[in-house]
Amino acid sequence: MNDALDGFAVLLVDDHPLFRDALANVLRVQVPGLRVRAVASLADALRELAHDRDGFDLVLLDYRLPGADGLRCASRLRELHPELGIGLLSGVDDPTLAGRARRAGLVTYLPKSLEIPALLGRLRLVADGQVVFDDQEAATELPPSNCLGLSDRQVDVLRQLATGGTNKEIARALGITPSTVKSHLEAIFDRTGTANRVQAVMLARTAFPEDDAR
């Protein structure tokens with residue numbers, strides 16, 4: 001069975017040699033077909049990109065690099081190498097980082113707290129061409145209600161869901177059956193990419209902030 005990471009090339013940029021070298025070695029051992037190069041700074045990365053004939057598929061930038069944070073470095077890399085996929089790697093406890101990285105056009109955000117199997121799973125998705133961020137963060141960052149692609153009735157159900165109502169309570173409020181509510185919820189989960197009621201509630205409270213203000 002082919003591994004999506006076979007032949008995939010990652011340039012790891014982190015100024016902490018113990019972490020950088022250990023992670024690079026573990027990735028090479030876990031996926032022998034994965035090509036990993038590890039450097040300490042943006043300047044080193046730019047030199048590597050200029051001289052590597054085979055090219056890289058993904059540059060993983062530590063958020064805290066000498067002289068600049070990873071997001072600023074990512075902006076510089078995108079100017080010089082717009083074809084590159086860029087991801088952010090961080091041990092900083094900042095819940096806004098994933099959203100900021102996505103809005104900056106990066107392809108993934110990888111907390112340093114991830115276990116190696118989870119990290120490899122996300123890298124495989126990136127290698128398959130996907131943009132990979134934490135599910136909960138993605139749910140709260142979805143567009144406003146008029147961009148969700150939902151029908152008017154599905155929007156009504158989503159609004160009711162945000163109040164904490166059960167399927168029976170939503171059905172009673174909207175004058176429909178509980179089974180119809182269930183069908184609408186399944187469609188909402190599918191169209192918005194949410195996986196469960198909790199994520200859908202987070203989405204609703206982001207998409208309909210005026211409801212909370214009432």
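Applying the side-chain hydrogen bond (donor to acceptor under 3.5 Å, both in side chains) rule to R35 yields the partners D52; only residues at least two apart in sequence or on another chain are considered. For T177, the side-chain hydrogen bond (donor to acceptor under 3.5 Å, both in side chains) partners at least two apart in sequence or on another chain are S179, T180.
Residue-environment remark: CG (D94) exceeds the threshold of 12 foreign heavy atoms within 6.0 Å. Within a 6.0 Å sphere centred on CD of E115, other residues, nucleotides and ligands contribute 12 heavy atoms or fewer. By the 6.0 Å contact criterion, CZ on R20 is enclosed, its count of non-hydrogen atoms from other residues, nucleotides or ligands being greater than 12. The environment of R197 atom CZ is dense: over 12 non-hydrogen atoms of other residues, nucleotides or ligands sit within 6.0 angstrom. Other residues, nucleotides and ligands place no more than 12 heavy atoms under 6.0 Å from the CZ atom of R72.
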Exercise. Start with the C-alpha distance between R159 and D156, add both sets of side-chain angles, then the distance that settles salt bridge (Lys or Arg N to Asp or Glu O under 4.0 Å), and finish with yes or no.
Key: CA-CA 5 Å; R159 285 181 182 273; D156 291 339; 5.2 Å; no

Exercise. Step by step, work out the salt bridge (Lys or Arg N to Asp or Glu O under 4.0 Å) result for R172 and E169.
Key: CA-CA 5 Å; R172 191 180 307 118; E169 291 169 338; 5.3 Å; no

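Other residues sharing a hydrophobic cluster with L18 under the 4.5 Å side-chain heavy-atom criterion for ILVMFWY residues do not exist; the residue is a singleton.
Across every non-hydrogen atom of A104 and L71, the tightest pair is CB-CD2, 4.4 Å.
Note that NE2 of H81 is 6.5 Å distant from CD of E83, once rounded to the nearest 0.5 Å. D3 CG to L120 CG: the interatomic distance, rounded to the nearest 0.5 Å, is 8.0 Å.
V107 and V59 fall into different hydrophobic clusters, where Ile, Leu, Val, Met, Phe, Trp and Tyr residues are linked whenever their side-chain heavy atoms come under 4.5 Å apart, directly or through other members. Note: the hydrophobic cluster containing F8 also contains L114 (ILVMFWY, side chain heavy atoms under 4.5 Å, direct or indirect links). Connection of L110 to I86 is not established within any shared hydrophobic cluster, with ILVMFWY side chains joined at heavy-atom distances below 4.5 Å, either directly or through further cluster members.
In this structure, I170 and T163 have side chains that are not in contact, with every pair of non-hydrogen atoms separated by 4.5 Å or more.
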